[in-house]
J.: 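Here you go, one structure.
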Amino acid sequence: MFPPIYSPSDVEKEVFQFWHDNRIYEKVKKNGDKDFFFVDGPPYTTGEIHLGTAWNKVIKDVILRYKRMCNYRVRDTPGWDMHGLPIEVKVETLLKFKTKRDIEKYGVSKFVKKCMEFALENKEKMTEQFKRLAVWMDWDNPYMTIKADYINAAWWTIKRAYDRGLLEKKLRVVNWCPRCETALAEAEVEYMDKVDPSIYVKFPIKGEKDTYIVIWTTTPWTLPANMAVAVHPDYTYVKALVKKDGKEEKIIVAKDLLESVAKKGEYEIVKIVEEFSGKELEGLEYEHPLSDEVPYQKDVKHFVCLADFVVVENTGCVHIAPGHGADDFYLGQKYGLEVFNPVDDRGVYTDKAGKYAGIDIRKANSIIIEDLKRKGLLLHKEEITHRYGHCWRCKSPIIYRATEQWFVCVSRVKEKMLKEIDKVQWIPDWAGSSRFKDWVSNARDWCISRQRYWGIPIPVWICERCGKIKVIGSIDELGIEINSDLDVHRPRVDEVTFECECGGKMKRVPDVFDVWFDSGVASWATLRYPKVKEEFEKLWPADFITEGHDQTRGWFYSQLGASVIAFDRAPYKAVLMHGFSLDKYGRKMSKSLGNVVKPEEVLDRIGVDAFRLYVLSSAPWEDLKFSMEEAEMYRKFLNIVWNAVRFAYMYMTLDKEEFIENCNKIELKVEDKWILSRLENFCKITKDALETYNIHKAVKAFVDFFVEDFSRWYIQLIRSRVWEEKASPSKMTAYFTILKVIDKSMRAMSPYIPVTAEWIYQHFIKEFCEIREKVFESKIKESIFMESFPEIEEDFINNELEEAMKVAKDVFEATSNARQKAKRKLRWPLRLLVIEGDEKVKKAVKMLEEIIKTQCNVKEIKYVEKFEKKVKAQVNYKEAGPILKDKVRSFVEYVNNMSEEELMSVVGSGEIEFEGKKLPVSLINIKYEIPEGYVESEFSYGKIYLYVEMDDELWKECLAREIVRRIQEMRKIMNLNVEEYIDVALSCKKEFVNGWIDYITREVRAKNIEFESKFEGDWFLKEWDIEGEKVKIGIKRCS
RNA sequence: GGGCCCGUGGCUCAGCCUGGUUAGAGCGCUCGCCUGAUAAGCGAGAGGUCCGGGGUUCAAACCCCCGCGGGCCCA
C-alpha cells in the first residue's frame, strides 16, 4: 500500500518498528570485510540533547551508514562523558548544597553514588533522543567514562606519563573556582563580561618622601599578596612633580602615560624631575601599601622588576602578585620572589592576610579600596567592564591562585604534537593547519588534578613518611575486589593504602582527574586497551572523528595530548570539524536568550529525514543558523519525492504482470537515456561528496536530480507513455527506467534519509523485486542498508545529451515566458516555434525535437541560425543635430532610403557614410522589428520566436481542450471513477468545436454528446466562462 | 591585543581554491499555468553598491592589503 499523503511520523513509526522487529541494525553490523574505526566524541550526560548534538550525531550517522554500504565493518560505539563538575553541580543543586562541606557532611560515598545514578539516568534519556534521529550506533554497548575498564585505561595512560617523566606535581598558578573549590583547566574557563573596579594605587618609594610608583589593577583583593612592581625594560619612565590641592608630590609612571594618569588623579603637572629607561628602575625599593594591615608584608623586601609583558597602558607599571597570576608567578621565579598566597580554597583570606583574615575576597575589594583611600594611596578609582574568566559550570568568577597541582608536561611534547597534526587529514584544511596548531603552540602544561569527588581518582599514592610516589597503571594493582564500578571511585579507592619500602604508609592523593583527561583516552579506552590488545592492534588509530569547532581546545586537544604521551602519535587519521548551531539571527542558543530550539520540536514538525537533510545541506564547518522555515522546505522536497514514487507505483502495480513478462524488451528513448545519464552523474557526485566529507554537496545534488530532473521533468515527459496500451515497449521502458532511477538514487541517498529510503525500498523496490532480479541481476535484501552503495556505470553517462536537455528545458522556459507575454495558455496549441542559436542549440533541437514540440505544445518547430528581422533606422536628432546642422534634413532622407542590407553593414562597421564623411553609427537608432505575429524571448543559449497568431482551426482545438478540462473537473467534483462513462450536454453550437468532437468524446469517456441542449433530465450542471463565451455544461453518469 | 572562520537579492545559501559570457539556486513575494501524482504539481516576473576602501591585472564576488560587522577560540 502506498498512502496518498506523505506523513513523516507514520513512515517513521513503521520503519522504526521494522528495524526493531527484524533486528536490522544487528544484522547490518555483521557485514563488511574491511575495518572502519570511528570514535564517538562522548556527549556530556546533561540529560537533554540540543540541536548541536543532534546535528553532530547526524553527521556521524551519515558517514557510518555510507561506510557500511561500502562494505566496511564499522566500529560505531557511542560514548558518554559522565564524570566531573557539571554533574556534581547538578547533584549539589538537587540536594541544595552550597559548599564542599555539605558534601562531606552528607557522605562522599552517598554523593558519588547519586552522581552515578544521575549520569546513568541521563544517558538513558539521551539515548532515546539520539535513536529518534535514526542514528545507528551500538546503543546497547556504549563506552562510558565511569566504567572500571575505562578507568583502567586512564590509569594506564597516566602511568605511561609518569614513567616517561611527563607527570609532575608543581606549585603553579591555576584557574580556581572558589565555589567548587577546585582547580580548573583552561578548557573549563568561560569568558564573560564583568564589571570590576579599576584603581590606580600609589606605592611609596623607600627613602624618598612623597614619592610614589603608580600601579593599576582591577583586582584590589590581590594587593595584600603584592610582592613586586614590574616595568618594561625598554620603555621610558618619568618621575614627575605634581600638585593637587596645594600639596606637591612625585609620581613615577611611563612617560607617555603621565598626562592621562595626572588627569585621573586630578593633578597639575609641575615638571618632569627625572627621565629614565625601565632598566634603570630595576631594584628600586618601595613599601607595601598595606603593610600596616598585612604585617606579613613588613618583613618582605619589595622592589621593581623588569618584564616584557608590560604594555603601555594605564600607568606602565604592573602590580605583581606571584600567588595570583601566571605571568606574575614566572616573573617571581626569575627574581626569587615568594609565592605568597593568603587566600584559601573557598576564596577567604587566611591568617597571613592580617587584618583581612576571614574575609571573603569577593567582598574585600571595597574594604581595601577604602583602606587605600584613608591612607592617601588611592590615586583614582573607576569601574570597568571587561572579559573575565568564569567557571564553565557554576559561572562563578574564577580567581588565579598558586596551589600544588598535578601536571602533564605538554610543553615537552608540544613539538611532537605539532608534527602529528600535519599527518592528520583535516576537513576543512584550516581547522588543523591554522586553528588547531595555533591552540597547541600556545598550550601550557596541562593541569589534570581536581579537588573534587566525582571523577576518575588519580592513581597516585604518596608515602606519609618519606614522600615516595607510587603510580599504579591498572585497577588490578589496587588489590581489592571490584564488585561494581563504584569500587574504582572515591571514596572506596581512598581507603586503599600501600606499604612503602621505608615502612611508612602510602596514601592516595585525594584528587580526581580533569574530565578532559577522561575523554582524552577514549580512542583506546573504548577498545578496552590495555586489558584487551587484539582490537587495539587491529583498529587503532581512529579512521575518523568529527566534532564542533569548540573541541579544538577540548577533545581534539585532550586526545592528541594523551595519545602523544602514551603512543607518540595522533589518535585519529581524519577529523571533520563542524560548526555551531545558532539561532536564525546568528546568536548562540541559550536559555537566557530564550532562543533555544529543541530537536524534538523540529522532528515533530517535519520528520527526521527532513531534519537530517536540512542540517546536512550547508557546509558542515560553517555555523548553522537554524531556521524552521528553511527546515520545512526539506519536508516539501521529501513530499515531492513521495509523490513521484507514488506516481510510478500507481501505474507500475497496475501493469505489474505485463511488466514482469516484458521487462526484457527495453528500447531506451532519448529521455530515458538522459535521466539515466543524470542518475549516474548524481551517484558520482554523492559518492565523491561522502568520500571527501563534503557532505552538503550531495544534498544539493539530490534536490537537483530527484526533484528537479526526475520529478519535474522526466515524469512530465513520460506521462503519456504510461497511458499507452498494456505492455507497449515504450511503457515498459519507462517503467524500467523509473525502477532503476528510484533503486539507485534511494540507495545513494539512504545515508541521508534512512527512513524514507527504507520505506521506499520496502514498498516500492520490493514490489518489483522479480524484475529487478531479472534485469539488474541483484537479489532483494531484507533492508536497503544491506545493499551496497550504487556502482557508477560510466557507460550510461552522456554529457552531450545532458547539455542538449538543458537547452530543451531552457527553450521550454523561454516559450512559457513568450506565452505569458502573449496571453496564450499552455493548453492552447500554437502553429510555430522558431529557435535561434549556435551549433549547440542546433544539435539540441535535432536531438530533442519531439520533446520540445510536445512540451511547448506547438505544431512545428524550426531551428535557424539567424532569425530574419526587419531592420529600421531612425535619426537620433539629439546627436545628429549639432554635428550635421542644416544637413539633418537630407540625412534623414538618406537614412530612410537605406536598404536593410545597407543598414546591416552600417551596424557591422559602426560607421555611416554620408556625403563622403564617415559618421558614428550613434547618429541613428537601429531598431529590429520581428515579423508580425511573433513574440520573442531569450534563453541562455539563444532566442525563441513563438508564432502566437490564432486561426479558426487552432481556435477550435483550443476550445475543445477547454471544454475537456471543464468536463474533467466536473467528473472530479462528482467523484466519478476513472473508467466510468458519462453523457454530456452542451449549450453551445456544434460548429464551435467542429472536427474535435471525437477528441472530446474520447478524452472525457463520453457515450454521447448533445449540443444546444435544453438540459432535460437529471444533469449535473455548471455554467462556465470560456474565453468570454458563456457555456453551460451538463454531465451525467451512464448507467 | 592575537589566531581562525564568515559577510553574495527580503531570508537561507552555492560560486571564491584554479580571476574571463548577462553572478546562480531554493524559500518568500507578484502574476500566471496545469489538472488522471490533485488536500498535489509547474512556470514566469520583480528583486543584487557580491560588507566598505585601496591594490594587482587587459579583466576581480574570486588574488593581495587595510578597515567594518558577526561567530568561535585565546590573551
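First the proteins, then the strands, lettered A, B, ... as listed; each starts at 1. Keep in mind that this is a model prediction, so the values were computed, not measured.
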J.: Roughly how many Å apart are B/A44 and B/A37, using the C1' atom of each and rounding to a whole number?
T.: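 Each nucleotide's C1' atom is 23 Å from the other's.
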
J.: Do any side-chain nitrogens or oxygens of A/K625 fall under 4.0 Å of OP1 or OP2 in B/C13?
T.: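 For A/K625, the contact criterion (side-chain N or O under 4.0 Å from OP1 or OP2 of B/C13) is met.
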
J.: What is the nucleic acid contact for A/N817, judged by heavy atoms within less than 4.0 Å: base, sugar-phosphate only, or nothing?
T.: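 The answer is sugar-phosphate, as A/N817 gets under 4.0 Å only of primed atoms, P, OP1 or OP2.
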
J.: Does A/R827 make a side-chain N or O approach to OP1 or OP2 of B/C34 shorter than 4.0 Å?
T.: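 Answer is yes, contact under 4.0 Å.
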
J.: To the nearest Å, give me how far apart NZ (A/K697) and P (B/C17) are.
T.: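 Nearest whole value for this atom pair: 13 Å.
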
J.: Measure the distance from CZ on A/R719 to P on B/U35 and round it to the nearest whole Å.
T.: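 Roughly 9 Å, once rounded to whole Å.
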
J.: Going by purine N1 to pyrimidine N3 plus the second Watson-Crick contact, or the G-U wobble pair, all under 3.5 Å, which nucleotide sits opposite B/G19?
T.: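 In the structure as shown, B/G19 has no Watson-Crick or wobble partner.
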
J.: In whole Å, measure the gap between the C1' atoms of B/G32 and B/G70 for me.
T.: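 Rounded to whole Å, the distance is 40 Å.
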
J.: Which part of the nucleic acid does A/S617 contact within heavy-atom distance under 4.0 Å: base, sugar-phosphate only, or nothing?
T.: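 Since no nucleic acid heavy atom lies under 4.0 Å of A/S617, the category is nothing.
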
J.: Could you check whether A/S816 gets within reach of a base, just the sugar-phosphate, or nothing at all, counting any heavy atom under 4.0 Å?
T.: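 Sugar-phosphate, backbone atoms only, no base.
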
J.: Can you tell me the base-pairing partner of B/U49? Count Watson-Crick or G-U wobble geometry only, both distances below 3.5 Å, and say none if there is no partner.
T.: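 Base partner found: none.
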
J.: For B/G41, give its Watson-Crick or G-U wobble partner with both distances under 3.5 Å, or none.
T.: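 Across any shown strand, B/G41 pairs with B/C33.
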
